[in-house]
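Here is how names work: the chains are called A, B, and so on, in the same order as the sequence lines, proteins then strands, and each is numbered from 1. All values reported here derive from a predicted model rather than from experimental measurement.
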Amino acid sequence: MGNGSAPLTADRDGRPKAGRSIWVEPRERRLSPQKGGGRFDSESKRFARDRRCTMSKKQNHEEELHALRHSAAHVMAQAVMEMFPGEAKIAIGPPIEDGFYYDFDLPRALTPEDLETIEARMREIVAGHHAFTRREVSADEARTMFAEQEYKLELIDGLEAGGEDEYGEPLEGEVEISVYEHDAFVDLCRGPHVGSTDEINPAAFKLLSVAGAYWRGDESRPMLQRIYGTVWESADDLEQYLWKLEEAQKRDHRRLGKELDLFSVSDEIGSGLILWHPKGGMVRKLAEDFCHAEHEKGGYDFVYSPHIGKAHLWQKSGHLDWYAENMYAPLDIEGQQYYLKPMNCPFHIEIYKSRTRSYRDLPLRYAEWGTVYRYERSGVLHGLLRVRGFTQDDAHLFCRPDQMPEEIDRVLQFSLNILRAFGFEDIHSYLSTRHPEKAAGSPESWEAPTEALREALERAEIPYQIDEGEATFYGPKIDLKVKDALGREWQLSTIQFDFNLPERFDLAYVGEDGKEHRPYMIHRALLGSMERFMGTLIEHHAGAFPLWLAPVQAVLIPIADRHHDYVHAVAESLKAEGLRVEVDERSDRMNAKIRDAQMQKVPYMLVVGDREIEAGAVAVRLRSGEDLGPMPVEDLVARMRLEIEAHA
RNA sequence: GCCGACGUAGCUCAAAGGCAGAGCGACCGCCUUGUAAGCGGUAGGUUACGGGUUCGAGCCCCGUCGUCGGCUCCA
């Protein structure tokens with residue numbers, strides 16, 4: 001892919017956007033779905049403000065949960081303030097997806113034991129039947145009330161100036177300053193809250209973790225301590241949520257990567273650099289083989305490019321101006337400086353420029369599984385999802401303006417087909433439009449491509465959100481996100497226009513009129529980075545890959561040593577059919593072999609004993625635990641073939 | 001990068017400043033097994049790395065590297 005690094009390095013949660021967002025087809029979840037974390041985004045704040053308008057039952061329920069969580073945050077803040085009388089400074093404490101947090105400035109670091117103490121005190125407070133009461137105050141009155149609370153004073157200043165809310169975002173309309181009070185605690189707060197602490201079920205909340213967080217999200221400002229908690233209407237709901245967290249942990253690709261022997265990261269090599277083991281390598285190869293075939297059918301040309309290029313190239317492309325901090329230090333080769341590539345685009349552009357291009361040559365679609373290296377700060381590395389070296393399924397499309405709408409349609413459709421082939425059905429998208437100040441090219445030049453992207457989304461009939469002014473400076477883009485089996489959102493594909501590089505490299509084609517014209521250039525990555533995609537795939541399937549992707553499709557399990565010859569013969573015939581099978585001829589009992597195959601999430605377990613040999617069959621057990629009984633080998637092959645072709 | 005927690009056998013984890021352990025896995029042997037773990041034995045360690053305090057450090061202190069949870073970043 002191209003200039004746009006964001007999609008490949010973006011967090012998997014939808015974080016708040018600075019620009020305005022418009023939902024074209026509103027989806028049920030507007031908050032970050034990330035477990036335990038995430039943030040209250042501008043969308044849901046607006047939602048809270050607009051609560052007077054008609055709402056569905058579901059929205060109503062959401063609002064009640066927000067109030068409940070917000071109220072629990074206040075109760076927690078009271079408990080913490082009591083723990084550090086006169087010393088605790090409170091910042092903000094909003095509800096978030098699945099819970100709430102509150103930020104504190106405290107004289108010492110909190111420990112896990114502190115959380116238990118705080119939680120216990122919260123239960124006492126909740127049992128006290130305290131009403132939450134709202135009161136409007138003047139700015140000066142508020143300053144008196146919070147004279148010792150420097151963070152609150154800053155918030156009051158922001159509110160009084162009418163400029164911004166507690167998240168530092170612009171406020172609309174008249175600003176009223178309100179405080180909410182319960183028991184011995186009063187907080188500067190817009191609300192809403194529940195009526196009384198009675199509504200907070202003492203068996204339905206739990207404090208989860210404590211973590212550092214910058215005041216107002218600004219790394220030049222003080223680091224506060226943030227306590228995350230969760231609260232629900234009932235103990236059952238809490239239980240269910242905690243179960244979901246546990247389930248997510250079991251699916252963690254880092255854990256499964258180890259358990260299933262898929263990949264590793266070695267301290268000897270370095271952080272964020274992935275070693276693919278044979279099994280993980282097989283899954284990746286199968287995924288890539290499939291994509292290669294699709295690209296070939298899809299009219300792409302395959303290109304290959306080196307891992308380093310001269311400084312001059314990166315000056316020309318502009319990467320050294322605007323991307324240098326993500327690039328590694330140059331290598332000195334015979335007095336010339338070379339850089340490891342953070343992106344593939346300049347190389348593909350050089351291929352384009354290697355000869356004169358005619359309008360008849362277009363569109364050109366150059367595809368490469370190109371490995372790039374980007375410096376990421378140590379704290380952001382995360383398994384396969386955020387790494388320092390990764391392979392993009394990258395392509396650059398060069399086309400004439402008249403071809404552009406069709407090309408967009410085509411690439412979007414192509415992308416959706418591939419994602420669906422991997423079992424991702426729940427796909428939605430984000431269209432980022434021109435930033436009013438930071439943008440290459442004229443506003444007019446953005447119109448046709450932006451419209452083409454939007455129309456392509458309409459035709460593809462997938463829900464999309466318009467992120468106004470959120471595009472990178474060089475062109476509008478579409479990002480696709482998928483939801484996995486647990487409802488978590490992952491960003492994979494990106495399709496980005498580029499008005500910048502064609503200019504910088506003076507790209508041209510000779511038109512029918514014999515004159516030179518500037519082609520459109522589109523960067524696109526579908527699975528994004530193979531590393532991130534594999535991480536997503538592992539978590540989506542919880543390591544139980546569909547048959548076509550399973551590194552080992554079947555394990556043959558002889559019951560006793562005398563069955564080995566037959567089992568090997570069956571294994572050979574299955575291998576001859578192109579199936580990936582292993583024979584477990586350890587001296588363990590059959591039960592142990594089944595258990596091991598089960599834990600390795602092998603789709604088919606083929607048990608062979610005297611009876612099977614007699615019948616010329618294998619006894620088939622599925623990963624689901626289902627026992628299909630004895631089956632002739634030909635029938636098994638036919639069954640597996642069907643399953644493979646269906647990508648089931 | 002920042003705040004906090006953590007780093008012990010291949011893996012998961014024990015070990016109040018006083019002999020470094022268990023289970024699983026690996027290896028060897030016995031058993032020859034019928035749908036989620038048979039039995040016995042053996043090997044396996046510079047307790048991440050470097051320094052310090054102490055009669056004595058896995059444990060306390062300092063530094064480095066790494067991992068985890070967040071924040072920031074990923075125009």
Colleague: Testing A:Leu606, A:Ile557, A:Val555, A:Ile594 one by one against A:Arg621 for a side chain to side chain contact (heavy atoms under 4.5 Å, CB included), which residue passes?
Modeller: A:Ile594

Colleague: Can you tell me if A:His382 touches the phosphate of B:G69, counting only side-chain N or O atoms and a distance under 4.0 Å to OP1 or OP2?
Modeller: yes

Colleague: Would you call the rings of A:His319 and A:Trp314 parallel, tilted or perpendicular, taking 30° and 60° as the class edges?
Modeller: perpendicular

Colleague: Across all strands shown, which nucleotide pairs with B:G45 by Watson-Crick or G-U wobble geometry, both distances under 3.5 Å?
Modeller: none

Colleague: Once you round it to whole Å, what is the distance between P of B:U67 and CZ of A:Arg388?
Modeller: 8 Å

Colleague: What contact category does A:Ala597 fall into here, base, sugar-phosphate, or nothing, at under 4.0 angstrom with non-hydrogen atoms?
Modeller: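 Since no nucleic acid heavy atom lies under 4.0 Å of A:Ala597, the category is nothing.
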
Colleague: Which whole-number value in Å describes the distance from A:Glu612 CD to B:G34 C1'?
Modeller: 8 Å

Colleague: Look at all strands and tell whether A:Ala211 reaches a base, only sugar-phosphate, or nothing, counting heavy atoms closer than 4.0 Å.
Modeller: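 Base, at least one base atom sits under 4.0 Å.
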
Colleague: Any donor-acceptor pair under 3.5 Å linking the side-chain atoms of A:Glu268 with those of A:Ser266?
Modeller: no

Colleague: If only side-chain N and O atoms count, and only distance matters, is there a donor-acceptor pair under 3.5 Å linking A:His568 with A:Glu585?
Modeller: yes

Colleague: Ignoring hydrogens and angles, does a donor from either the side chain of A:Asn591 or the base of B:U35 sit under 3.5 Å from an acceptor on the other?
Modeller: no

Colleague: Has A:Ser271 got a side-chain N or O lying under 4.0 Å from the OP1 or OP2 atom of B:G66?
Modeller: yes

Colleague: Check the angle between the aromatic planes of A:Tyr241 and A:Trp232 and answer parallel, tilted or perpendicular using the 30° and 60° thresholds.
Modeller: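 A:Tyr241 and A:Trp232: tilted rings.
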
Colleague: Of the options B:U72, B:C3, B:U32, whose atoms approach the side-chain atoms of A:Met223 most closely?
Modeller: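 Looking only at side-chain atoms, A:Met223 lies closest to B:C3.
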
Colleague: Output the rounded distance in Å from CG (A:Leu224) to P (B:G4).
Modeller: 13 Å

Colleague: Examine the base of B:U72 for any acceptor or donor lying under 3.5 Å from a partner atom in the side chain of A:Arg377, and report the outcome as yes or no.
Modeller: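 Yes.
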
Colleague: In terms of side-chain geometry, is the basic nitrogen of A:Lys477 or A:Asp479 positioned less than 4.0 Å from the acidic oxygen of its partner?
Modeller: yes

Colleague: Determine the contact category for A:Lys258: base if any of its heavy atoms lies under 4.0 Å from a base atom, sugar-phosphate if only primed atoms, P, OP1 or OP2 are that close, otherwise nothing.
Modeller: sugar-phosphate

Colleague: Pick the C1' atom in B:C68 and in B:A36, then give their distance to the nearest Å.
Modeller: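 Looking at atom C1' only, B:C68 and B:A36 are 31 Å apart.
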
Colleague: Measure the distance from CD1 on A:Ile227 to C1' on B:G69 and round it to the nearest whole Å.
Modeller: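 After rounding, the gap between these two atoms is 14 Å.
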
Colleague: Could you check which nucleotide pairs with B:C65 in any of the strands shown, counting Watson-Crick or G-U wobble with both distances under 3.5 Å?
Modeller: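 B:C65 is paired, partner B:G7.
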
Colleague: Assuming nearest nucleotide by heavy-atom distance, tell me which of A:Tyr214 and A:Gly383 is located more 5' along RNA chain B.
Modeller: A:Tyr214

Colleague: Check whether any side-chain N or O of A:Ser587 sits under 4.0 Å from OP1 or OP2 of B:U33, and answer yes or no.
Modeller: no

Colleague: May I have the distance from A:Tyr101 (atom OH) to B:G70 (atom C1'), rounded to whole angstrom?
Modeller: 11 Å

Colleague: For a quick test of reading the model: is some side-chain N or O of A:Arg621 closer than 4.0 Å to OP1 or OP2 of B:A36?
Modeller: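 Yes, A:Arg621 has a side-chain N/O under 4.0 Å of OP1/OP2 on B:A36.
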
Colleague: Can you tell me the base-pairing partner of B:A57? Count Watson-Crick or G-U wobble geometry only, both distances below 3.5 Å, and say none if there is no partner.
Modeller: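 Check on B:A57: unpaired, no WC or wobble geometry under 3.5 Å.
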
Colleague: Checking all strands, does A:Asp596 fall into the base, sugar-phosphate, or nothing category for heavy-atom contacts under 4.0 angstrom?
Modeller: nothing

Colleague: Nearest nucleotide by nearest heavy atom, which residue falls closer to the 5' end of RNA chain B, A:Ala213 or A:Met590?
Modeller: A:Met590

Colleague: Can you measure A:Arg226 atom CZ to B:G70 atom P for me and round it to whole angstrom units?
Modeller: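 Atom-to-atom, A:Arg226 to B:G70, this comes out as 11 Å.
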
Colleague: Let's test your reading of the model: under 3.5 Å, does the base of B:C71 pair with the side chain of A:Arg216 as donor and acceptor?
Modeller: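 There is none.
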
Colleague: OP1 or OP2 of B:U33 sitting under 4.0 Å from any side-chain N/O of A:Arg562?
Modeller: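 Yes.
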
